[in-house]
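Reviewing the structure listed below.
Numbered from 1 within each chain, the chains take letters A, B, ... in sequence-line order. None of these values were measured; they are calculated from a predicted model.
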There are 2 protein chains.
Amino acid sequence: MNERIVDLLKKNHLSITDSRKKILSHFLDSNGALAHADIEHKSGTEFDRVTIYRTLQTFVEKGIIHTIPTTDNSVRYALCKDECSAGHHHDDHVHFMCDECGTTYCLDHVTVPKVELPAGFTATQNDLVVSGLCNKCS
Amino acid sequence: MNERIVDLLKKNHLSITDSRKKILSHFLDSNGALAHADIEHKSGTEFDRVTIYRTLQTFVEKGIIHTIPTTDNSVRYALCKDECSAGHHHDDHVHFMCDECGTTYCLDHVTVPKVELPAGFTATQNDLVVSGLCNKCS
DNA sequence: ATTTCAATGCAACAATGTTGCAAAATTTAT
DNA sequence: ATAAATTTTGCAACATTGTTGCATTGAAAT
Ligand SMILES: [Mn+2]
Ligand SMILES: [Mn+2]
Ligand SMILES: [Zn+2]
Ligand SMILES: [Zn+2]
């Protein structure tokens with residue numbers, strides 16, 4: 001496990017630090033997406049708030065995690081698939097937010113359908129967020 | 001115009017106040033969605049920040065405006081169609097964010113497609129946000 | 001006009017996010 | 001292994017965004 005974390009950091013040319021290892025492990029342990037506040041709680045007083053912000057930002061830039069647009073306009077992050085790399089995310093999967101337990105899921109196997117846009121509009125990214133009840137809450 | 005605004009407020013059983021009339025007029029004048037900050041700028045120092053927050057909240061509750069999930073996780077609001085009412089929005093249309101000019105559009109005639117969810121997941125709401133270039137910027 | 005009720009402004013606060021800079025830790029070079 | 005170079009971190013200070021309580025003001029009903 002620790003092995004995998006170090007490898008992931010190395011692969012992305014990031015220096016191996018306690019905070020990066022710990023924050024990455026939280027993502028690997030979690031099945032849903034995490035908000036900044038979640039990580040802050042899980043970490044206790046171990047790291048500074050600012051470090052968490054900067055680490056998340058770095059991970060996004062490197063393509064290790066991606067942000068999820070949410071209906072309640074809070075920022076959440078989830079692990080990217082292997083195919084994502086620095087400056088090039090390809091997250092064409094649907095996200096699901098449970099109204100009951102609040103968990104945000106990456107539905108990696110459900111792809112966002114393309115839609116026909118009005119004349120003159122061109123799409124570079126499509127984000128679909130579905131809310132409702134998850135499999136644990138229904 | 002002023003007529004239409006007063007009617008809309010009356011229809012929703014809201015008392016007619018300067019701030020509500022003015023804020024509503026900003027939405028009727030704008031072709032895109034507005035953020036809280038936009039309204040604050042347009043209004044100058046006319047109203048307190050808190051009043052704008054409370055007015056937007058009231059309008060959402062009454063079904064006059066709806067919030068739009070954005071990829072940059074900022075809250076934006078746009079006018080609802082007539083069919084929306086208190087506690088019952090039906091916004092099944094796609095939203096478009098222009099990467100160039102930043103405008104957020106309600107694509108009222110493009111409906112969000114349904115997707116097949118994994119077993120146990122049930123959907124109550126689907127939000128699709130498309131980003132790219134709008135008809136003015138392409 | 002008077003009463004009743006709702007909306008506003010103000011102040012104080014909480015949550016979230018950003019920046020500059022010195023200290024500490026990690027990586028690279030010797 | 002040691003030292004130099006580079007990154008990362010923690011802290012402080014600040015900015016932005018959003019919330020709440022309460023007295024004052026304004027709108028609506030009688
Ligand atoms: Mn995802
Ligand atoms: Mn809309
Ligand atoms: Zn759930
Ligand atoms: Zn545009």
Side-chain angles (χ1 to χ4, degrees), chain A residues 2 5-26 33-62 64-65 67-77 86 102 104, chain B residues 2-3 5-26 33-62 64-77 86 102 104:
Chain A
N2 204 339
I5 290 170
V6 171
D7 280 355
L8 196 46
L9 290 174
K10 275 186 183 162
K11 205 177 70 182
N12 287 282
H13 312 102
L14 292 173
S15 41
I16 317 297
T17 67
D18 288 349
S19 39
R20 284 176 181 164
K21 281 191 286 185
K22 201 61 172 285
I23 292 174
L24 204 41
S25 80
H26 288 143
L34 298 176
H36 177 277
D38 295 328
I39 296 166
E40 210 170 328
H41 291 141
K42 282 177 193 288
S43 304
T45 58
E46 202 170 352
F47 315 113
D48 193 83
R49 248 160 32 81
V50 179
T51 301
I52 299 176
Y53 278 115
R54 291 198 266 229
T55 303
L56 290 172
Q57 200 176 299
T58 303
F59 285 178
V60 170
E61 284 163 5
K62 291 293 185 178
I64 299 173
I65 60 177
T67 58
I68 301 178
T70 59
T71 44
D72 63 347
N73 282 100
S74 67
V75 190
R76 307 214 184 172
Y77 304 87
T104 301
Chain B
N2 203 338
E3 189 94 1
I5 290 171
V6 172
D7 280 356
L8 194 48
L9 290 174
K10 276 185 182 162
K11 204 177 72 182
N12 286 283
H13 311 103
L14 291 174
S15 43
I16 317 297
T17 68
D18 287 349
S19 41
R20 285 176 182 165
K21 280 191 287 185
K22 200 61 171 287
I23 292 174
L24 204 42
S25 79
H26 288 144
L34 298 176
H36 176 276
D38 295 327
I39 296 166
E40 209 169 329
H41 292 141
K42 282 177 194 287
S43 305
T45 58
E46 205 171 352
F47 315 113
D48 193 83
R49 248 161 32 83
V50 179
T51 301
I52 298 176
Y53 278 114
R54 290 198 267 229
T55 303
L56 290 172
Q57 199 176 300
T58 304
F59 285 177
V60 170
E61 283 163 5
K62 291 293 187 177
I64 299 174
I65 60 177
H66 62 278
T67 59
I68 301 178
T70 59
T71 42
D72 63 348
N73 282 101
S74 66
V75 191
R76 305 212 186 175
Y77 304 87
T104 302

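- Taking B/R54 as the reference, B/V50 meet the side-chain contact (heavy atoms from CB on, under 4.5 Å) condition, with sequence neighbours excluded.
- When all heavy atoms of B/K62 and B/L14 are compared, the closest pair comes out as CE-CD2, 3.7 Å.
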Derivation and outcome, side-chain contact (heavy atoms from CB on, under 4.5 Å), residues B/H36 and B/S74
CA-CA 9 Å; B/H36 176 276; B/S74 66; over 6 Å; no

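- Heavy-atom minimum distance, A/A35 versus A/D38: N-OD2, 2.8 Å.
- DNA chain D lies under 4.0 Å from no heavy atom of any residue of residues 34-46 of chain B.
- Taking B/K21 as the reference, B/N2, B/I5, B/V6, B/L9, B/I16, B/D18 meet the side-chain contact (heavy atoms from CB on, under 4.5 Å) condition, with sequence neighbours excluded.
- Contact of the B/T71 side chain with the A/T67 side chain is not registered, since no non-hydrogen atoms from C-beta on lie closer than 4.5 Å.
- A heavy-atom distance below 4.5 Å is not found between the side chains of A/T55 and A/F47.
- Under the rule for a salt bridge (charged side-chain N to carboxylate O under 4.0 Å, His left out), the partners of A/D72 that lie at least two apart in sequence or sit in another chain are A/R76.
- Close approach of DNA chain C to chain A, defined as any atom under 4.0 Å from a non-hydrogen atom of the protein, starts and stops at C/dT16 to C/dT27.
- Remark: B/L8 CG to B/I64 CD1 distance equals 5.0 Å, nearest 0.5 Å.
- Atom CD1 of B/I65 and atom CD of B/Q57 lie 10.0 Å apart (nearest 0.5 Å).
- Counting non-hydrogen atoms under 4.0 angstrom, A/S19 reaches the backbone sugars and phosphates but no base.
- Residues passing the side-chain contact (heavy atoms from CB on, under 4.5 Å) test with A/T17 are A/S15, A/S19, A/R20, sequence neighbours excluded.
- Applying the salt bridge (Lys or Arg N to Asp or Glu O under 4.0 Å) rule to pairs touching residues 42-51 of chain A yields A/K22-A/E46, sequence neighbours excluded.
- Bending across the helix from C/dA1-D/dT30 to C/dT30-D/dA1, expressed as the angle between its end axes from five pairs apiece, amounts to 30° (10° rounding).
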Do nucleotides 25-30 of chain D as a string where each nucleotide becomes B, S or -: B if the base has a protein heavy atom under 4.0 Å, S if just the sugar-phosphate does, - if no protein is that close.
--SS--

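- Not less than 6.0 angstrom separates the ring centroid of B/H66 from the ring centroid of B/Y77.
- Among the heavy atoms of the strands lying under 4.0 Å from A/R20 are primed sugar atoms or P, OP1, OP2 only; no base atom is included.
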